[in-house]
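Below: the structure, in structure tokens.
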2 protein chains.
Amino acid sequence: MYLDPKMTAAAVEVADTPRQLGTGRYAGTRRRPLPPDTAWTEFLASSRARLETLGAHEILFHEDDAANHIYEVVSGQVMLYRLINDGRRQVVDIVSAGDLFGLSMTGLHDCSAETLTAAEVRVLDRRDIEGSGALQTHVNRCLMTRIESLHSHTVLLGRKSAQERVASFLMRFVPKRGVVGCVGPAVGHDDQTVVLRMTRQEIADYLGLTIETVSRVLSDMKRRGIISIERNDHIHMASVCRVCKLTGMH
Amino acid sequence: MYLDPKMTAAAVEVADTPRQLGTGRYAGTRRRPLPPDTAWTEFLASSRARLETLGAHEILFHEDDAANHIYEVVSGQVMLYRLINDGRRQVVDIVSAGDLFGLSMTGLHDCSAETLTAAEVRVLDRRDIEGSGALQTHVNRCLMTRIESLHSHTVLLGRKSAQERVASFLMRFVPKRGVVGCVGPAVGHDDQTVVLRMTRQEIADYLGLTIETVSRVLSDMKRRGIISIERNDHIHMASVCRVCKLTGMH
DNA sequence: CGCGGTTTTGACCGGCTTCAAAGGGAGTGG
DNA sequence: CCACTCCCTTTGAAGCCGGTCAAAACCGCG
């Protein structure tokens, strides 16, 4: 049911790059919390928007379906993925509370959307937001955030080793570190438990790896005392800082 | 000056995927030409927008620079890239005529921008567009297009072999095929010459490969009669269709 | 012709995939 | 409570793709 072996990331010369860049923040999205957008919240209150409550692993739409609605994650997480004909899958994005998804320029969805966890999703008619400029401003901010997140993920897929990918992935779930902007090495002891609400297969498809490699990297980190795993989806990091150092950003 | 070896893409089971997806179009952006946006063109005419004319390999901004302007490509191509501290580089996007770039949610650019070719770029003040809803609509469309393009690139980096990446890259430059939406196998003979306005290093950094691998793949395609190379940046494809089949989308 | 840059080619190696089998954990039924 | 199944995960062994390092070829250009 599968196939194709594939590649290797590269080490790269940056010969003529003119200057050294700024502080090396973690590659996760450099997002800051969106300020409340009154036009948007008012719209939600008055509109025909409906709130859907979904269980884990429910599909919202498929690639190539007509894109007549846009979606806002209220709670939980949703993954967006693409398939290629021979069965390979790539998870292209993971969205959570406040994120918009399902917008399309072509009229057809360019990927499929499936909940990772139980989730609430607000479904809006595409045309309802197309009219209003004030709403577009909010949509805009969400799109820019997604783009910055995709840029980070591009670097991960193009240039990071398996270990760096898994470490980066773990850091995604640490509040105030990684994704939201690292606040620095954090004083005192610095342990943390993250809950992975994804199967190994989903993680692998997100990180551009195989299920076996993800498993091996986690086992190796466990062996080295960097993490401990309980119940398979609860991962305890003895030192967040140590994991962060493995991401390839420091 | 570099380093890290890296990974392998994966073959993936898609066990519980409910249905077979639609037609396998090429993974390049599924973009269709934007309809003329009168609000936008009027704005450009009346605004303080300035048009900059640049040579090849000029830098517009660096990662972490303040993002006070947004940019519109008028002609030529611009690449966006990120560096990680040890020198690895990943080109995260390549933009051309009509595309906007340099928008940021955080106030700082999340990547650097450098021209690939001689180019004209319109530079707009960030605040000039922030006010107007009508303009946001145009910005929105551009952002959605970029996101769809990034999704395609994510699949390429996460799941494609070196040969598939290079073939996909070549198809990018074939008008009416790949990027803009494949019009099908094309009747009659179907040869085409594309001009690569990028060095091997830039191509490698875009495709998540090394310079040597890019070179080897191209040599191999040449040996097999699929392409011929003249003057190093002119690549003649004997049959576009044949190259397209190597992209991994068919 | 010689020189500096990029590109190509070669030989080797290693990380990740592949293929295969063993190990858990949860649910069901006796 | 235990046996059994199913599914996911982990572990093992082997192979290959692409990276690494190094040298040769190419290509303007002075």
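Reminder, nothing fancy here: chain letters follow the sequence lines and each chain counts from 1. What's counted below: heavy atoms across the whole structure, side chains too, no hydrogens, waters or symmetry copies.
- Closest approach to the B:A162 side chain among C:dT8, D:dG18, D:dT9 is made by D:dG18 (side chain taken as heavy atoms from C-beta onward).
- Closest to the side chain of B:T210, out of C:dC16, D:dG19, C:dT7, is D:dG19.
- Note: CZ (B:R159) to P (D:dC17) measures 17 Å, nearest angstrom.
- B:E202 places its CD atom 10 Å from the P atom of C:dT6, with the value rounded to the nearest Å.
- In this structure, CG of B:D220 is placed 11 Å from P of D:dC17, rounded to the nearest angstrom.
- A:R216 comes within contact range of at least one nucleobase, with a heavy-atom separation under 4.0 Å.
- A salt bridge links B:R224 with B:D220: the distance from a Lys NZ or Arg NE/NH1/NH2 to an Asp or Glu carboxylate oxygen falls below 4.0 Å.
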Just do the side chain to side chain donor-acceptor pair (under 3.5 Å) check on A:S75 and A:E120 with the steps written out, would you? CA-CA 5 Å; A:S75 68; A:E120 296 169 293; 2.9 Å; yes

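- Atom CZ of A:R88 and atom C1' of C:dT17 are 13 Å apart (whole Å).
- The distance from atom CD of A:Q201 to atom C1' of D:dC8 is 10 Å, rounded to the nearest whole Å.
- Look at CG on A:D86: it is 11 Å from P on C:dT18, rounded to the nearest Å.
- Residue A:L156 contributes atom CG, which lies 12 Å from atom P of C:dC16 at whole-angstrom precision.
- Nearer to the 5' terminus of DNA chain C, by closest-nucleotide assignment, is the contact made by B:V214 (compared with the other of B:V214 and A:T213).
- Nucleic acid contact class of A:S219 (heavy atoms, under 4.0 Å, all strands): sugar-phosphate only.
- The CG atom of A:L157 sits 13 Å away from the P atom of C:dC16 (whole-angstrom rounding).
- Distances shown here put every side-chain N or O of A:N232 at or beyond 4.0 Å from the OP1 or OP2 atom of C:dA26.
- The two residues B:E164 and B:G248 have their closest heavy-atom pair at OE2-CA, 3.5 Å.
- Taking 3.5 Å as the limit, the base of C:dC19 and the side chain of A:E212 contain a donor-acceptor pair of atoms between them.
- Across all strands shown, A:S215 has heavy atoms under 4.0 Å from base atoms, whether or not it also approaches the sugar-phosphate.
- Taking 4.0 Å as the cut-off between side-chain N and carboxylate O, B:R242 and B:D190 do not count as a salt-bridged pair.
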Apply side chain to side chain donor-acceptor pair (under 3.5 Å) to B:H236 and B:T193, showing your working. CA-CA 4 Å; B:H236 179 81; B:T193 296; 2.9 Å; yes

